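Because the structure is a prediction, the values reported are computed rather than measured. Naming convention: chains lettered A, B, ... in sequence-line order (proteins, then strands); numbering from 1 in each chain.
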Amino acid sequence: MPELPEVETVRRTLEKLVGERITSMAVGRKGLHMARKPPRGALRKLIGARITGLRRIGKYLLVDTDRPQSILAHLGMTGRLRIHRKGDPRANHTHLVIGFGERELRFVDPRRFGQLDVVTRPNEREHVGLAVLGPDPLTDGLDTRTLFTIAKQRKVTLKALVLDQGVIAGMGNIYASEALWRAKLRPTTRSNRLTSQSTAKLAAAVREVLSRALDHNGTTFSDFVDADGREGDNEEYLWVYGREGMPCRRCRTSIRKSVQQGRATYYCPTCQTP
DNA sequence: ATCACGACCTGGAGGC
DNA sequence: TGCCTCCAGGTCGTGA
């Protein structure tokens, strides 16, 4: 579900929590899979703290408090962070409930691929998930020269290159297909074969695809919603993802689907040249 | 060192 | 209706 535009959409709808004081903290007993279990003790110590800001780094969200600690969240595939009223029925797979008087922020994740942790500022970047992240295209920009240098050093497919969080933080499977279509590049092409011109196109395409999706509040393919429960509108603007057999929006060729590294890739066999 | 693959989970959709 | 198989926005550990 959540790639950079979706996580940023959630971040924006969570900003209304700034200034609120944490009055309760309930940690589910079933752990999340990735990182170890959410640190129950460290989370409970934040009762009484006040929210001072919401940040996003790649696909990670940071809930800053007026203490040195921040809550770190990653939504994995099916994670949701939503604001509820205290009495609302609690969904299955609710892993964390942060109370703010009459309101609650709930983290729900059926597949349990998400992550929850507590990090200490200003060393939050030492967290294993954040330490490896490359530039975030929307906050750091995406420098063509840097991307070109990395591409030349490696022989991964372009699909794998743009999905690598150490290369572009925040890219995911939907927008990887979208960006490569936009840049007219074949997903199976090896990164070391990129020219500086095509790298520039790719960098521009990445920025464009992500900011456009953000303008539409993200893509709801099956179940993404923001913190207020609203779906994103970007699905109807997708160029290739999920459009197998439908005409390419540039050249009318039938869009193809293939599987790369176990993940669906969509591309146009005519205008995305190998 | 680099790369591709399977594992980790649950639930929804579609076939029979 | 019910059972089975397949598929899913992410990341990490393994083995080649």
Show the atom names and distances, to 0.1 Å, of all donor-acceptor pairs under 3.5 Å that link a side chain in residues 81-98 of chain A to residues at least two apart or in another chain.
unit_1 : atom_1 : unit_2 : atom_2 : d
D88(A) : OD2    : R85(A) : N      : 3.0
T94(A) : OG1    : A91(A) : O      : 2.6
H95(A) : ND1    : H93(A) : O      : 3.2

For [X], answer base if it contacts any base atom (sugar-phosphate contacts may also be present), sugar-phosphate if it contacts only those atoms, and nothing otherwise; contact means non-hydrogen atoms under 4.0 Å.
X       : answer
Q165(A) : sugar-phosphate
K159(A) : nothing
S177(A) : nothing
G172(A) : sugar-phosphate
Y175(A) : nothing

Would you say [N] has OP1 or OP2 under 4.0 Å from some side-chain N or O of [X]?
X       : N       : answer
K59(A)  : dG10(C) : yes
H74(A)  : dT11(C) : yes
H93(A)  : dC9(B)  : no
R154(A) : dC3(B)  : yes
R111(A) : dA8(C)  : no

Once you round it to whole Å, what is the distance between [atom2] of [N] and [atom1] of [X]?
X       : N       : atom1 : atom2 : answer
R112(A) : dC8(B)  : CZ    : P     : 12 Å
Y60(A)  : dT11(C) : OH    : C1'   : 8 Å
M77(A)  : dT11(C) : CE    : C1'   : 10 Å
D109(A) : dA8(C)  : CG    : P     : 18 Å
I174(A) : dG10(C) : CD1   : P     : 8 Å
K155(A) : dA4(B)  : NZ    : P     : 11 Å
R80(A)  : dT10(B) : CZ    : C1'   : 13 Å
D223(A) : dC7(C)  : CG    : P     : 18 Å

How far, in whole Å, is [M] from [N] if one measures between their [atom1] atoms?
N       : M      : atom1 : result
dC5(B)  : dC7(C) : P     : 15 Å
dT14(C) : dC9(B) : P     : 15 Å
dC6(C)  : dG6(B) : P     : 14 Å

If you take all heavy atoms of A73(A) and L116(A), which pair is closest and at what distance?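 Shortest heavy-atom contact: CB-CD2, 3.9 Å.
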
Where do T195(A) and F148(A) come nearest, in terms of heavy atoms and distance?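 Shortest heavy-atom contact: C-CE1, 3.5 Å.
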
Crowded around K152(A) NZ? As in, over 12 foreign heavy atoms under 6.0 Å?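 Yes, because the 6.0 Å sphere around NZ of K152(A) holds more than 12 heavy atoms from other groups.
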
Answer yes or no: does atom NZ of K16(A) have more than 12 heavy-atom neighbours from other residues, nucleotides or ligands under 6.0 Å?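 Atom NZ in K16(A) is packed in, count exceeds 12.
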
Tell me which nucleotide among [options] gets nearest to the side chain of [X].
X       : options                  : value
P110(A) : dC5(B), dT10(B), dT11(C) : dT10(B)
Q115(A) : dA8(C), dG10(C), dT11(C) : dT11(C)
T157(A) : dA4(B), dC8(B), dC7(C)   : dA4(B)
K30(A)  : dT10(B), dG10(C), dA8(C) : dT10(B)
R190(A) : dA8(C), dC3(B), dT11(C)  : dC3(B)
F113(A) : dT11(C), dC3(B), dC8(B)  : dC8(B)

With side-chain hydrogen bond (donor to acceptor under 3.5 Å, both in side chains) as the test, pick out the partner of T146(A) among T144(A), D143(A), T149(A).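 Of the listed options, the one satisfying the test is D143(A).
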
Stacked cation flag R250(A) on W239(A), 6.0 angstrom / 45 deg: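 No, a cation-pi geometry is absent between R250(A) and W239(A).
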
Can you tell me which stems DNA chain C forms, taking runs of 3 or more consecutive Watson-Crick or G-U pairs with both distances under 3.5 Å?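 Output for stems: B:2-8 with C:10-16, B:10-16 with C:2-8.
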
Can you check salt bridge (charged side-chain N to carboxylate O under 4.0 Å, His left out) on R55(A) and E124(A), steps first, answer last? CA-CA 12 Å; R55(A) 284 185 290 152; E124(A) 63 268 36; 2.9 Å; yes

For residues F221(A) and Y241(A), establish whether the separation of their ring centroids is below 6.0 Å.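 Yes, ring centres under 6.0 Å apart.
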
